[in-house]
Amino acid sequence: MTAVKSDIKIARAARKKPIAEIGTGLAIPADALAPYGIDKAKVSADFIGSLSERPDGKLILVTAINPTPAGEGKTTTTVGLGDGLNRIGKKAVICVREPSLGPCFGTKGGAAGGGYAQVVPMEDINLHFTGDFHAITSAHNLLSAMIDNHIYWGNAENIDVRRITWRRVMDMNDRALRQVVASLGGVANGFPRESGFDITVASEVMAILCLAADLEDLEKRLGNIVIGYRFDRSPVFARDLKADKAMTVLLKDAMQPNLVQTLENNPAFVHGGPFANIAHGCNSVIATRTALKLGDYVVTEAGFGADLGAEKFFDIKCRKAGLTPDAAVIVATVRALKMNGGVRKDDLGREDVEALKRGCSNLGRHIANVRKFGVPVVVAINHFTSDTDAEVAAVKDYVARHGADAILCRHWAEGSAGIEELAQKVVELAEGGQAKFQPLYPDNLPLMEKIEIIASKIYHAGEVTADKGVRDQLKAWEGQGYGNLPICMAKTQYSFSTDPNLRGAPEGHVVDVREVRLSAGAGFVVAITGEIMTMPGLPKIPSAERIFLNESGFVEGLF
């Protein structure tokens with residue numbers, strides 16, 4: 001039996017083309033690319049601006065069932081589908097997010113695809129890449145520093161230090177920084193106050209970069225950030241501290257989308273990286289819009305399960321950017337569905353059709369949810385070697401009873417050749433005119449009612465609870481003119497409920513909103529539920545313990 005190559009070995013053996021050649025395939029002139037080495041480049045803002053009059057291609061969303069330790073392969077399927085569409089003669093561009101260092105050195109790993117459906121250079125993409133996350137971290141923390149500096153030098157804005165809402169960030173999992181006391185050490189160090197750190201992907205600056213249309217819009221949104229409140233309870237904005245322009249300078253290059261390629265030398269934009277469990281979970285609007293002008297098809301992904309990533313893609317990204325998706329793919333695996341049906345991870349290699357059928361309830365819920373947005377859907381069964389014919393047939397039968405097709409995909413092992421059937425089905429859906437996209441709720445509903453609609457219609461919750469402080473805060477924001485904003489739910493990715501251990505398709509559970517945060521610059525209100533953390537911690541044995549440079553200078557242990 002031939003040994004299966006690791007993702008990193010497959011990526012290292014890739015025959016990459018110079019990035020200028022990839023750009024030429026999209027009709028991007030060489031002078032519109034700022035190369036980072038020979039295999040990655042940023043696309044200039046001037047060139048992107050010149051595309052505005054071109055028609056848009058078809059937009060395809062790849063989402064998934066709720067993630068399990070068994071694996072689903074959403075990014076792998078996104079990359080594979082892009083390759084598959086190019087294989088059948090469509091000019092397709094892939095748009096995915098940049099991975100965070102936190103998961104790379106923690107538990108989850110990177111996010112550049114897998115097997116023979118990857119974007120490369122995989123090591124760079126999963127580590128520092130082009131420095132976008134560092135720029136976002138620096139811009140965020142510049143504002144943090146300017147807040148404390150303003151208070152130190154007399155506090156002309158009358159900021160109430162007890163009501164500063166802006167925290168600091170870093171792109172690493174570090175539970176020790178969740179709650180800290182800053183400015184200790186005496187008069188020279190300022191006024192002590194309680195604060196904390198979030199992970200960079202949870203930063204409002206990250207969300208702003210991913211939702212901004214251009215540099216002008218970026219600066220305006222940065223200026224609209226609410227950093228806290230005065231003693232009279234009026235909001236203090238980043239522009240009041242004159243931080244917005246300097247932050248824009250730090251983000252100037254980060255705003256330009258990153259162009260790379262797949263293992264099959266097809267174009268991919270990797271840009272922006274908000275998590276979907278604590279942020280809006282989509283790659284940048286500017287990358288997606290650019291791809292839509294350059295390709296006939298754009299395949300993009302949204303983080304975690306469809307209850308999080310897809311809902312936010314539709315209700316936040318598409319709503320705010322005026323995007324209209326043409327079809328959606330829901331990724332599922334036999335292994336993950338069996339786990340949803342109660343099978344332990346160690347037993348997933350054994351055939352269990354009955355458990356699989358029980359677990360399919362999770363898939364069925366996601367199919368129904370995506371259709372609530374008026375988007376036609378197909379299911380991609382991401383193949384594992386342990387899958388049996390009976391199990392695959394059971395998934396196909398279940399999906400057929402829900403009025404959709406489930407297609408077995410072997411892109412991990414075979415690349416584009418293993419996903420042609422799905423590519424053909426996506427073209428059929430996208431060109432069939434079935435899409436009648438609409439968000440889940442209108443802009444003009446009260447904020448709490450929007451939260452309740454998401455909880456009831458997407459999560460199938462029986463009740464939403466929130467204390468008086470949360471409800472009063474939402475009403476106060478409505479009074480300040482923020483009532484039309486969409487909701488960004490922060491919730492565990494592992495379940496439709498707020499209990500990560502409640503798999504399948506639970507009904508009638510309670511969603512408790514314990515905190516709300518205003519992201520006025522990004523343009524949404526965050527509702528934090530259950531025990532979700534905006535600064536993750538490392539596991540008992542982090543992946544960092546297995547990552548090293550070998551004698552040849554290559555990274556080992558990343559995958």
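Not measured: the values here are computed from a predicted model.
Using modelled atom types, no side-chain atom of Lys317 and backbone atom of His280 make a donor-acceptor pair closer than 3.5 Å. Between the side chain of Arg221 and the backbone N or O of Ile208 there is no donor-acceptor pair closer than 3.5 Å. Arg54 places no side-chain N or O within donor-acceptor distance of the main-chain N or O of Leu294, the cut-off being under 3.5 Å. The main-chain N or O of Gly530 is found under 3.5 Å from a side-chain atom of Arg514 such that the two form a donor-acceptor pair. Proximity of a side-chain donor or acceptor of Asn66 to a complementary backbone N or O of Gln493 within less than 3.5 Å is detected.
With sequence neighbours excluded, the residues forming a side chain to side chain donor-acceptor pair (under 3.5 Å) with Lys491 are Asp307, listed by chain and number. In terms of the side chain to side chain donor-acceptor pair (under 3.5 Å) criterion, Ser52 has no residue partners (sequence neighbours excluded). Partners of Ala520 by side-chain contact (heavy atoms from CB on, under 4.5 Å), not counting sequence neighbours, listed by chain and number: Val226, Tyr482, Leu518.
Considering Val180, Asn141, Leu143 as possible partners of Arg168, the one that fulfils the side-chain contact (heavy atoms from CB on, under 4.5 Å) test is Asn141.
Remark: the Asp198 side chain and the Thr534 side chain contain an N/O donor-acceptor pair separated by less than 3.5 Å. Between Asp232 and Ser234, the side chains place a donor N or O and an acceptor N or O closer than 3.5 Å (distance only, hydrogens not considered).
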Open item on the list: The test is ring pair (Phe, Tyr, Trp, His ring centres under 6.0 Å); show your working for Phe129 and His271 and say whether it passes.
Closed with: CA-CA 10 Å; Phe129 199 25; His271 195 220; 9.1 Å; no
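A salt bridge between Lys42 and Asp132 is present, with a side-chain N of the basic residue lying under 4.0 Å from a carboxylate O of the acidic one. The existence of a salt bridge linking Glu311 and Lys372 is excluded, since no basic side-chain nitrogen approaches an acidic carboxylate oxygen closer than 4.0 Å. Salt-bridge annotation for Lys293 and Asp56: present, with a side-chain N of the basic residue lying under 4.0 Å from a carboxylate O of the acidic one.
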